[in-house]
Amino acid sequence: MFQKFSPPPLWLSLCLLTLFLAAPGHAAEYVSVNKDGANIRSGPDTKNDLLWEVYKDFPLQVIKRQKDWAQIKDFEGDQGWIFINLISKDKRVIVKANSVNMRSEPNTDAKVVATVKYGVVFTPIEKKGPWLKVKHEDGTSGWISSSLVWPSDIL
């Protein structure tokens with residue numbers, strides 16, 4: 001005999017939807033700041049407390065949007081709100097380790113082009129396996145392990 005199909009309870013449907021939206025196939029939205037001295041606030045209004053300031057090209061992850069504001073998270077996990085006119089779709093990454101070797105080729109045996117410190121921002125150019133080719137605004141370019149920058153899944 002066949003049993004009559006009954007839909008799952010609402011709570012189960014909502015849990016499954018949450019899991020689907022959090023799954024790796026659901027790409028995060030990354031943006032960068034388009035102006036020096038952009039304010040990160042505690043809420044989506046200029047009347048909310050100023051939490052910190054960020055500089056041009058600083059990468060952020062958008063958690064959600066609300067009218068003219070975006071709730072964001074930075075590479076240290078800090079959260080706040082930024083006015084959407086202060087962000088762009090330009091891709092950037094930031095070094096999250098204390099000291100990183102930038103190499104001429106995507107491997108640990110390649111020549112070290114530069115030693116990069118925590119918090120330095122780059123434009124990602126290309127990805128090869130676990131390596132990311134990046135370029136600094138001063139023109140310096142090379143390869144860094146994607147595990148040493150945030151976001152690591154930018155390309």
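Keep in mind the model is a prediction, meaning the values are calculated, not measured. The basis for the numbers below is simple: all heavy atoms, side chains too, and nothing from hydrogens, waters or symmetry mates.
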**Item:** CG (Asn98) with more than 12 external heavy atoms under 6.0 Å
**Value:** no
**Item:** Check against side-chain contact (heavy atoms from CB on, under 4.5 Å), Lys56 and Lys35
**Value:** CA-CA 5 Å; Lys56 187 176 185 320; Lys35 175 186 172 200; 5.8 Å; no
**Asked** Does the separation of the ring centres of Phe58 and Trp52 fall below 6.0 angstrom?
**Response** no
**Asked** Can you tell me how far the CD1 atom of Ile84 sits from the NZ atom of Lys67, to the nearest 0.5 Å?
**Response** 12.0 Å
**Request:** Could you grab the distance from atom OG of Ser42 to atom CG of Asn48, nearest 0.5 Å is fine?
**Result:** 4.0 Å
**Request:** Determine whether Ser146 and Lys127 make a side-chain contact, defined as any pair of heavy atoms from C-beta on separated by less than 4.5 Å.
**Result:** yes
**Message:** Is the shortest side-chain heavy-atom distance between Thr123 and Val134 below 4.5 Å?
**Reply:** no
**Item:** Note: Lys111-Glu105 ion pair, threshold 4.0 Å (strictly below)
**Value:** no
**Request:** Please work out whether the ring planes of Phe75 and Tyr118 are parallel, tilted or perpendicular, with thresholds of 30° and 60°.
**Result:** tilted
**Message:** Are the side chains of Asn107 and Trp143 in contact, using a 4.5 Å heavy-atom criterion?
**Reply:** no
**Item:** Shortest non-hydrogen separation from Arg103 to Trp131 and the atoms involved
**Value:** CD-CH2, 4.1 Å
**Side chain to side chain, Asp68 and Phe83, heavy atoms closer than 4.5 Å** = yes
**Complete:** Between Asp45 and Lys47, the two heavy atoms sitting closest are OD1-N, 2.7 Å
**Prompt:** What are the two closest non-hydrogen atoms of Ile72 and Leu60, and how far apart are they?
**Reply:** CD1-CD2, 3.9 Å
**Fill in**
So CD1 of Ile125 and NZ of Lys133: to nearest 0.5 Å the spacing works out to 6.0 Å
**Prompt:** So do the side chains of Gln79 and Lys73 get within less than 4.5 Å of each other, counting heavy atoms only?
**Reply:** yes
**Asked** Charged N to carboxylate O under 4.0 angstrom, Glu76 versus Lys96?
**Response** no
**Message:** Are the side chains of Ser88 and Val31 in contact, using a 4.5 Å heavy-atom criterion?
**Reply:** no
**Asked** Taking side chain as C-beta onward, heavy atoms only, is Val54 less than 4.5 Å from Ile40?
**Response** yes
**Prompt:** Is any side-chain heavy atom of Leu132 less than 4.5 Å from a side-chain heavy atom of Val93?
**Reply:** yes
**Request:** Determine, for Arg92 against Asp57, whether the closest basic-nitrogen to carboxylate-oxygen distance falls under 4.0 angstrom.
**Result:** yes
**Item:** The single option from His136, Lys135, Glu126 passing side chain to side chain contact (heavy atoms under 4.5 Å, CB included) against Ser141
**Value:** Lys135
**Prompt:** At their closest point, which heavy atom of Leu51 faces which heavy atom of Gly80, and how far apart are they?
**Reply:** CD1-CA, 4.1 Å
**Request:** Working to the nearest 0.5 Å, report the span between CD1 of Ile87 and OH of Tyr30.
**Result:** 14.0 Å
**Item:** Common cluster, Tyr55/Val95, ILVMFWY with side-chain heavy-atom separation under 4.5 Å
**Value:** yes
**Message:** Given Lys91, which partner from the list Pro59, Ser32, Pro124 fulfils the side chain to side chain contact (heavy atoms under 4.5 Å, CB included) test?
**Reply:** Pro124
**Fill in**
When Ile144, Thr140, Val149 are each screened for side chain to side chain contact (heavy atoms under 4.5 Å, CB included) with Phe122, the one that passes is Ile144
**Message:** Please report the interatomic distance CG(Leu86) to CG(Asn39), rounded to the nearest 0.5 Å.
**Reply:** 8.0 Å
